[in-house]
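Have a look at the structure below, then the notes.
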Amino acid sequence: MSDIQSPLQDIAEESPSGTVSRSASQPTLLNIDNSSRTQPEGELHHHHDRPRRNSNVSHVDIDFFDPDGVGELRRTLSRKDDQDKLTRAHTREKEPLNDPEKGRLSSTSSDATLNDPDAPFDFQKTLLRVIRKREEHNIKPRSLGIAFRDLRVSGLTAASSYFPTLGSVLNPMSIVENLQSLRHPNVRDILSGFEGVVKPGEMILVLGNPGSGCSTLLKTLTNQRKEYHAVSGYVHYDAFSPEELAKHFRGDVQYCPEDDVHFPTLTVQQTISFAAAARTPRDRMLSSRKAFADRVTTTLATIFGLKHALHTPVGDAAIRGVSGGEKKRVSISESLASRACIGAWDNSTRGLDASTALEFVRALRLSTDTFELTTLVSIYQAAESLCEYFDKVCVIDAGRMVYFGPADQAKQYFLDMGYEPANRQTTPDFLVAVTDPNARIPRPGFSNQPRTAAEFAEYFRKSPQGRASSAEVDEYLTRYVGNHNQKTAYVESARAEFAKGSGNANPYMLRIPQQIAIVMRRRVQILLGNKLNTGLVLFSFVFQGLIMGSVFLNSPEETSAFFSRGGVLFFAILFSALSTMAEIPALYSQRPIVNRHQKSALYRPFVEAMALTLVDVPITLLTSVVFSIIIYFMVGLQRSAGQYFIFLLFLFTMALCMKAWFRGIAAMFASEATAQSVAGIAVLALSIYTGFTIPKPSMIGALRWITYINPLKYGFESVMANEFHTLRGSCSNLVPQGPGYENVSIDNQVCTTVGAVPGQSFVEGQRFVGLAYGFHYSNVWMEPSADTSKAAVAAPRMNDIFSWKNINYTVTVDGADRRLLSDVTGYVAPGKLTALMGESGAGKTTLLNVLAMRTDTGVVRGDRFVNGQALPADFQSQSGYVQQMDTHVPFSTVREALLFSAKLRQPRSVPDAEKEAYVEKCLEMCGLVEHADASVGSLSIEHKKRTTIGVELAAKPKLLLFLDEPTSGLDSQSAWAIISFLRTLADNGQAILCTIHQPSAELFQVFDRMLLLRKGGQTCYFGDIGRNATTLIDYFERNGARTCLPNENPAEYMLDVIGAGATATSEQDWYSIWKAAPESVAVQEEVEKIHVEGRSRPAVTTELLSEFATPWFYQTWQLLKRDFDAHWRDPTYIMAKLVLNAFGGLFIGFTFFKAKDSQQGTQNKLFAIFMATILSVPLSNQLQVPFIKMRTIYEIRERPSRMYSWTALLTSQILIELPWNIIGSFILFICWYWTVGFENSRAGYTFLMLVVAFPAYYGSFGQAVAAMAPSAEIAAVLFSFLFSFVITFNGVMQPYSRLGWWQWMYHLSPYTYLVEGLLGQAIGGYQVNCSPIEFSTINPPSGMTCEQYMNPYIASMGGYLTNPTASAACQFCSVRTTDEFLKNAFNIYYSHRWRNFGIFVAFICFNVFLVFALTYLFRIRKGSLIPSFRRKKN
């Protein structure tokens, strides 16, 4: 085999292009001098001839992230190069030299150093060799630039600033307004008047305040336009229009949102490898597709420092995975592996500390230079060190372009305009501040500066920079738009990469079978990464099979078991099919990933669904085989191989069919709540119209059509006909019999089962299902063909000093102790703003949680004091803690959120009027007066953070205010506003300790003191920062650090000095330096002085004598008011509940419309009641979601703040759902009761059971299950699993007489008493009038009339005759009263109705107890549930 190519070559692997190249006209990252190459005569030139401006852009060495890894990669490539030489030499010996193809593949390098085995490996020349070998294979690279002019983007805006409530939704005028808005939508400009050029190899930084249009610009330039109302103007990607690019080459342009969304159970290697495999080119120079993807993955992981994490799951909020910085680099690697030419990165440094953010931008610079990409980046709070890596910058103000041009000229442009930066303000912050009237600083001596967005845009248009940018656009458009040769060359280059047969009219590089193959492999990897879920599915099938098998154990071949056999077959089909409904939440969680991959042209969306189905085939087959074997042979169904495999076939086919059905529902709706509601209604319809609960002959004509489109009907008919085809059931009840009929022959008896023939002691199963259900065995093989397929002065002054000494914190990880904090000492004084800083993983948040007493695991050693004395018992109540995540009830207004905190956290002795007045002061302090009546969920990130701070201030903390990353995710101006607000609080006597990442120099100098940690929680500095950070800088420079540059951000300087970051190191041990420094000794002395002075004063008293500030009933009342507002303002949730009840009631009611008084009609009424109770499944799943969301808010923020008792929360949660559930059940009752045909005189009891008791039961049962579940998805699975026991043993699916050993479960099922109470009361004490097919024909002995012959039997056993005087063919009905029918068939007694009500109420009370008990055991109690089984260490 000839030359095996290096991995880096494979990354840039592209197809021929006549005139397109990635060559840069200035020195690139690797300083490759392309002019040194000798170009063979006649070889095509592949240059764009569009040089980048000679800027002072910083570049990054290829080994920046992983020097050791890249060194190893170099050695690997060098060894591979030696092997290639041996291969070529061997090939030349054996192959003729006149073979042009093989001679070309065997050509050697013209660079002597590459062929010199003694010369050191030269990575630069290796890349040169890569370029040459691509040319030898006629593989030419391509690149894309972007030019745009008069770009305008408009979007729809809300017609009203009010959020919807249930009242507004039900208001008829709202419907009219909605119709008017559809006809005349409110449109506003998001962007207007944009123009510019971004060339290959260039990076542009997009800056602007939130809402200015940064994300819109990135999305528009990467051709993602669907979410906007209209996009106009000219946008060109070289010679391509946006429409052409979207249709044919969509994968060459990518937009990466700020959140790194990946499949959490996939490893880093699998994530990157998938992208590489999906965009693998056709010509790989003798390399297989797998080898290509593997080499791309290895190379990218090496360059971006991910080799150590290749086999680590990417993870998410719930699954532990790689760190935030590593996840960013995974996103970069995935993008590069897909080999896009244009990439846009939207605020991707959010949540990263300064060192990690710098590494991220360096990685982008590295990839842009190496592969000559076109890169667009928007960043909030961009550091000065980041700015120097960009070629251009675009500044946006309110949707207008106020600057577009060279990055190193932007600052001077605005200086010349008449504005100046604040002291040590970074260039990006200065550029954004100019657009903010409250932040910009006019230069002395200047006047008439632009002030509005329109003025800024006009100023730029007339400026030299604006004219230069416009001229650049003109040049670009003239050169590339309409350039047929350019377009043809690009098309040829791109299409040469596409697999043969992939088609010329789509942007996907692989054929559909190839796409299915790689997506199937990924699906298998996802399943293997989440083995627990797969195992639970199999366990549920095994467990349910064993339960149902034992319930119907060894069902006899008798007519009395005919109904039971139908029940078990119905359950088998229904369970295997409907268990797939639990997939809906998972489908919605993966939808953002699939959409992103579709936009990147990795695969078609339907391929994901098809691959999911194909991977499910063996899994579904396995579960079906196990489930069918257990059910089939335990029940004792017809034991012939053919019938078993037919049963298995339909079980398997129905499961696959229903998987496709529920996936289709999920794909159909944007909202998960809507999909769940539709799925619940679909379950109801499909289960009713299988033909079991209501046989086809009893269906009303208006709804019978549902059976023809119901796949479960065909499956159920087939398994029923298959089972009963060979079944001959011996009669369980021959009539007449008993005293006086001892010598009667079979000729004078008949079986009372439908399908019986006079004179036969058995009933043919085939005849039974034909008459009773309308099922026929001849239809069995017809059925498979039918199955084709989610202000500050008001704050109280603090006079106490909080201090800590020698804090150590150790946790156990994988059986080993890991120290996260090491001898940390410090204090926070009133009136001082103290920063807690360090790199990612240094222990900032950990220390904050330890100091705030918010740790539940690990061992804390050391002391915490207030004024040198022990902390008061209610320390958490006397301090405030502002979390990084803004966790609130989204439907509460800002004023309500603050008032809720004030009422529950300030002492009960404080009057409510005083609390309300203080809340108004807090709103002023936090700058939230204008937003006081806005819902928290509608606020911007900045105002949500202000609300979070306000909620803590409303509690009037007297000791200390902790804040964790208050500027995370904010733009520079919002961050400045928050820190300025904290400064104001500190100046008015507040003691504040605040962790902060990525601060600008301007923000950093707002703080008074700083505690700096490095990894391991080791102190590197604690003390004053000093004016302009001089004290801090002097400390580090005096102890051997490099000199801080005049324009350098001190926050970035100190992190760099101590070696913060994934790749940075420090030669000095700053922890040891600090311990030996005079400053450290001074801190210890200062702490001791604080303790001595504090101990001379009285200790801080414990103000709360109980755990909470207010009484339990007061807490419950406040929670009830908040919950009621949240429900009222969530009309989607309430309407879904009400509509489901209404639709379900009407659907069931008309399905069993005016049920007759025959035996089948009586049974239909039974199933009408039974199916109404089944509505509790989707209704319970609905209420579990808000229950868990509210519990999450409690656990994250309100519980640590000691705001209220968990029992008060549960009480309010139970009580608030009850009235809405009762209203829903009332609607159900109105729509259902009279349509079925129940009597008016019996409605009272039914109303009590169905409208009051029933919603109380399913509401409390659903909440009890949710109490022990960590998420709504798991709660839904657990509820379905546990609810199956409730409905299995209630005597409907399997009558009481057939339950055998399981009869004890019949008495424990609450629905036993619900169904018996409802049915017994509704139809007890009425006569039964048999339908024609329900009469049994009996021939009396000769000489006797029917009356004479049957009267003794009727007198003792019941029943009646229609032709008593006849002497032959007596028409006998075995049941005369409903009491007889209900007693004999279902063990239901009318006389038990009030007993049943009492027992059902007892079950409700037990459910309520379970809500509290399970919450305590699973969410409140700490430690293992079975601690006694653990062996304690000696």
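Numbers here are sequence positions counted from 1.
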- Between D252 and R279, does a salt bridge (Lys or Arg N to Asp or Glu O under 4.0 Å) hold up when you go through it step by step? CA-CA 10 Å; D252 286 347; R279 299 281 295 175; 3.0 Å; yes

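- Across all their heavy atoms, V197 and A147 have their closest contact at CG2-CB, 3.9 Å.
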- Query: Is there a side chain to side chain contact (heavy atoms under 4.5 Å, CB included) between Q254 and K599 once you walk through the steps?
  - Reply: CA-CA 8 Å; Q254 281 199 9; K599 291 174 182 176; over 6 Å; no

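- Between Y234 and H236, the ring-plane angle classifies as parallel under the 30° and 60° cut-offs.
- Side-chain contact between Q449 and P442: present, with at least one pair of heavy atoms (C-beta onward) separated by less than 4.5 Å.
- Of the possible donor and acceptor atoms, none in the side chain of Y490 sits under 3.5 Å from a partner among the backbone N and O of A239.
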- Show your working on side chain to side chain contact (heavy atoms under 4.5 Å, CB included) between I379 and L386 and close with a plain yes or no. CA-CA 10 Å; I379 299 179; L386 303 186; 4.1 Å; yes

- Task: Go through R596 and Y255 one step at a time and tell me if the side chain to side chain donor-acceptor pair (under 3.5 Å) criterion holds.
- Result: CA-CA 8 Å; R596 179 164 56 85; Y255 168 80; over 6 Å; no

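- For the salt bridge (Lys or Arg N to Asp or Glu O under 4.0 Å) condition, no pair includes a residue of residues 375-384, sequence neighbours left out.
- With E472 contributing its side chain and S469 its backbone, the two residues share no donor-acceptor pair below 3.5 Å.
- Counted by atom type alone, Y476 and D238 present one or more donor-acceptor pairs between their side chains at under 3.5 Å.
- Put simply, the side chain of P450 reaches to within 4.5 Å of the side chain of Y459, judged on heavy atoms.
- The two residues C387 and T427 have their closest heavy-atom pair at SG-CG2, 4.4 Å.
- Take Y1053 and apply the ring pair (Phe, Tyr, Trp, His ring centres under 6.0 Å) test, not counting sequence neighbours, and it matches no residue.
- Between L221 and the choices T216, I342, I204, L151, the side-chain contact (heavy atoms from CB on, under 4.5 Å) rule is met once, by L151.
- With salt bridges taken as basic N to acidic carboxylate O contacts below 4.0 Å, none links E243 and K247.
- Looking only at distances, no side-chain donor or acceptor of E334 sits under 3.5 Å from a matching main-chain atom of S331.
- Side chain of S192 to main chain of D189: no donor-acceptor pair is present (N/O by atom type, distance under 3.5 Å, no hydrogens or angles).
- For R152, the CZ atom is loosely surrounded, since the number of other residues' heavy atoms within 6.0 Å does not exceed 12.
- Residues L431 and V393 are in side-chain contact: their nearest non-hydrogen atoms beyond the backbone lie under 4.5 Å apart.
- T478 places no side-chain N or O within 3.5 Å of a backbone atom of E475 that could act as its donor or acceptor partner.
- Between F498 and Y508 there is no side-chain heavy-atom pair separated by less than 4.5 Å.
- Between L376 and I146 there is a side-chain heavy-atom pair separated by less than 4.5 Å.
- G251 approaches A340 most closely through the heavy-atom pair O-CB, 3.6 Å.
- Listed for the D150 side chain is no donor-acceptor partner under 3.5 Å among the backbone atoms of G193.
- A donor-acceptor contact shorter than 3.5 Å links the side chain of T374 to the backbone of L144.
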- Item | Chi angles and distances behind the side chain to side chain donor-acceptor pair (under 3.5 Å) call for S378, N347 | CA-CA 5 Å; S378 71; N347 194 20; 5.8 Å; no

- Kindly indicate, with the supporting measurements, whether the criterion side chain to side chain contact (heavy atoms under 4.5 Å, CB included) is fulfilled by Y228 and I190. CA-CA 9 Å; Y228 303 109; I190 304 174; 3.8 Å; yes

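- Residues K199 and S143 form no side-chain contact, since every pair of their non-hydrogen atoms from C-beta on lies 4.5 Å or further apart.
- Counted by atom type alone, R149 and S470 present one or more donor-acceptor pairs between their side chains at under 3.5 Å.
- Judged as a ring pair (Phe, Tyr, Trp, His ring centres under 6.0 Å), and not counting sequence neighbours, H248 has no contacts.
- Centroid-to-centroid, the aromatic rings of Y403 and Y413 come within less than 6.0 Å.
- For Q409 (side chain) and P406 (main-chain N/O), no donor-acceptor pair under 3.5 Å exists by modelled atom type.
- Under the salt bridge (Lys or Arg N to Asp or Glu O under 4.0 Å) criterion, no residue pair touches residues 432-446, with sequence neighbours excluded.
- With sequence neighbours excluded, no residue satisfies ring pair (Phe, Tyr, Trp, His ring centres under 6.0 Å) with Y237.
- Checked against the 6.0 Å centroid threshold, F404 and F460 do not count as a close aromatic pair.
- P421 has its side chain within reach of L415: a pair of non-hydrogen atoms, C-beta onward, lies under 4.5 Å apart.
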- Trace of the side chain to side chain donor-acceptor pair (under 3.5 Å) decision for D346 with S215: CA-CA 6 Å; D346 194 357; S215 297; 2.6 Å; yes

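- Of the possible polar contacts, one joining the N483 side chain to the R479 backbone as a donor-acceptor pair under 3.5 Å is found.
- R225 has its side chain within reach of P242: a pair of non-hydrogen atoms, C-beta onward, lies under 4.5 Å apart.
- Residues Y389 and R365 come closest through the heavy atom pair O-NH1, 2.7 Å.
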- Evaluate side chain to side chain contact (heavy atoms under 4.5 Å, CB included) for M417 paired with F456, printing each intermediate quantity in order. CA-CA 10 Å; M417 182 185 291; F456 275 111; 3.3 Å; yes

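- For H597, the ring pair (Phe, Tyr, Trp, His ring centres under 6.0 Å) partners at least two apart in sequence or on another chain are F274, Y603.
- Of the possible polar contacts, one joining the E455 side chain to the R451 backbone as a donor-acceptor pair under 3.5 Å is found.
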- Query: Are T368 and T375 close enough, and set up right, to give a side chain to side chain donor-acceptor pair (under 3.5 Å), and what steps lead you there?
  - Reply: CA-CA 7 Å; T368 301; T375 303; 2.7 Å; yes

